[in-house]
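Below is one structure; the comments refer to it alone.
Model, not experiment: these values are computed from the prediction. Below, read A as the first sequence line, B as the second, and so on, with proteins coming before strands; counting in each chain starts at 1.
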Amino acid sequence: MLALVPMRTSELVFRSRREVPQDAEAASHKALIRGNYIRRLTSGVYSFLPLGYQVLRNIEHIVEEELDRAGASQLLLPALQPVDIWRATGRIDKMADVLFRVDGKSGSFVLGPTHEEAVIEAMSPDIESYRDLPKLVYQVQTKFRDEPRARFGLMRTREFIMADGYSFDIDRETMRQSYQRFYEAYLAIFARLGLQAEPVEADAGSIGGDVNHEFMVASSIGEDHFARCGDCGYQANIEAARAGAHPPVAVALDVEAVTYSTPNAPGIEIAVKALRDLGAEVEVGTMLKSMLLVDETGARVIALIPGDRTLKVPHGMRLATDAEMAGFAKGYIGPQGHSSEVRVIADPLVLTRPSWASGANKEGHHSVGLRVGVDFEVDSFVDLVVVEDGDPCPRCEGVLSLVRSVEVGHTFQLGLTYSGVLPQARYRSFEGEELPYWMGCYGIGVTRVPAVIAEQYCSSDGDAVVWPVAVAPYVVSIVGVGATKTNEVTAVAAQLHESIGQSGVSVLLEDRNISTGVAMRDLELIGSPLFCIVGARSLAKGVVELRDRIHDQTIEVPVEEIVATIHTFSRDLASERR
RNA sequence: CGGGAAGUGGCGCAGCUUGGUAGCGCACCUGCUUUGGGAGCAGGGGGCCGCGGGUUCAAAUCCCGCCUUCCCGACCA
């Protein structure tokens, strides 16, 4: 709602577009292209045309207002960063896959994919004492990430704008308070943007740190899933979610382990088929998946999960490479008979069956009737499976369901992850000790937001968006219609254009000499939530039409009341949840 | 990086099987008529058929190589 200069369609950079480029798939992507909001320069890189930029500025304005209110100061850090600050934290290697490197005559640089290093460089000289803390800062900056795959228009791009904030504190407790300030500001921001963003517990990934939340908007084109319990409100990203305990079952007493010869049957699916052909009663869910992992020390670990589950690799571990699997029968690994140097870990779900079928640790052989504690031992039980629909909730008696979603924000309690390794990231405490400060970092994917909003508020064919009042490029669009557009129609439309603009509502006037159908269609693509239709017919009755596109209702309003009515409507529509 | 699809005026597409010097719709330009929901008539402009090589008298079309884009997967703050 920033644009208070009344605008005319003849001045707008806009063109009717009946067809969309065939490479637009998502409805929001189609709508943003048809409406002349964005244009692709190359894969994952978009120009914001004036309409799209207006939406973007409206979003940024809301973000800035709320972060300012939370006590954060806006600054601007460089996008072009020397490689040595990335060496100092080791992220030059950790994030090598996504870093855009620039080698110029004057040295080697990185185009910042995020700004933890840069903000520490910028802030540290001004943080000398505990008296200087806490500090909250943020910026609205372009980020660069060499994404392996850009997707869905603005949804996942290689160059994008993020509003990223950082907090600096003396200890864990005050860091949590700063975190809370950002967290609450984020809830306020997304509410104003018309997005139902759910904070969910998340995994820290390469940013590092401890407690963190993702702000997720449920959407069919989301790239993430989170688990939700309808009963107690537990919500966690699928990478971080854990299921509650399934009731354990006593091991079978009347079973004996039998080994079958199953040549050329590596992997669960094929093994099940081979064992069945031999008369064994097994299915995918009664097979034990045994996977070889390597921990931080390089030691090998066998992980056991039910055959119908997906492994969640624990932190600090990774799947073994083929070379590291020397000595193990790849495709036929089982839980039994490993040397004491190989640790065996299992998901608690392994206790939910009386016996299992699995590889026999011998090329071309599988065993059935393997019992925990009898035929094989487990060193420790840890959470090893990705949660699925229907798993029990870890907090209550409820059941988890998975929700497909888009991440619009992420907040992290970093703690000492960065300050601990950078000597300049210190302050002097009351006792005179030199200590690393406690950090938090916070990000909103600003250029992703128009796509998420459009996805929520456009028809499924990407036909047109009806923008929420808070972000609409123009809240009201005026069009004059009626036989030959009499002078009166034109004059009244122009006069309303002026007075609505003066009343503080952003407004667009259709002033081109085109047919009504084209005019209406174009205005629909521009997406104002309110249309003001000035027609010869209704003008004869002393009224104009006001169409509320959010509720798809049209009312007639006396000309002299229209400014006040629009004011009421835009206020009511802005506060309403869709 | 694996799997699939596609590159032909600004946009959407046909032509390719069976080689013969490029076409349709929309958009654009000019004029007139229109204007309460993507107008009508008449006239007009615009293409290195993704790039490079090859076969051939002749290549958008056949062959080889490369590039780009989109979708699924891997990956992902």
Tell me if a side-chain donor or acceptor on A:Asn212 pairs with a main-chain N or O of A:Ala202 at a distance below 3.5 Å. yes
Does A:Phe152 reach a base, just sugar-phosphate, or nothing at all? Heavy atoms under 4.0 Å. sugar-phosphate
Mind checking A:Arg15 for me? I need base, sugar-phosphate or nothing, with any heavy atom below 4.0 Å counting as a touch. sugar-phosphate
So what does A:Gly443 touch, heavy atoms closer than 4.0 Å: a base, only the sugar-phosphate, or nothing? nothing
Hunt down the Watson-Crick or G-U wobble partner of B:C75, both distances under 3.5 Å, from any strand shown, or write none. none
Can you check whether A:Thr42 has a side-chain N or O nearer than 4.0 Å to OP1 or OP2 of B:U69? yes
Where do A:Ile221 and A:Ser28 come nearest, in terms of heavy atoms and distance? CD1-OG, 4.1 Å
Could you check whether A:Pro21 gets within reach of a base, just the sugar-phosphate, or nothing at all, counting any heavy atom under 4.0 Å? sugar-phosphate
Does A:Ser515 make a side-chain N or O approach to OP1 or OP2 of B:U35 shorter than 4.0 Å? no
Strictly by Watson-Crick or wobble contacts shorter than 3.5 Å, is anything paired with B:C16, and which nucleotide is it? none
Any base atoms under 4.0 Å from A:Glu239, or only sugar-phosphate, or nothing? Heavy atoms, all strands. nothing
Just N and O in the side chain of A:Gln22: are any of them under 4.0 Å from OP1 or OP2 of B:A6? no
Is the A:Tyr183 to A:Phe215 ring centre distance short of 6.0 Å? yes
Aromatic centroids of A:Phe182 and A:Tyr442 separated by under 6.0 Å: yes
In terms of the nearest nucleotide of RNA chain B, which residue is placed more toward the 5' end: A:Glu407 or A:Ser43? A:Ser43
Check every strand shown and say whether A:Arg156 touches a base, only sugar-phosphate, or nothing at a heavy-atom separation below 4.0 Å. base
Using atom P of each nucleotide, how far apart are B:G46 and B:C24 to the nearest Å? 14 Å
Can you check whether A:Arg18 has a side-chain N or O nearer than 4.0 Å to OP1 or OP2 of B:G25? no
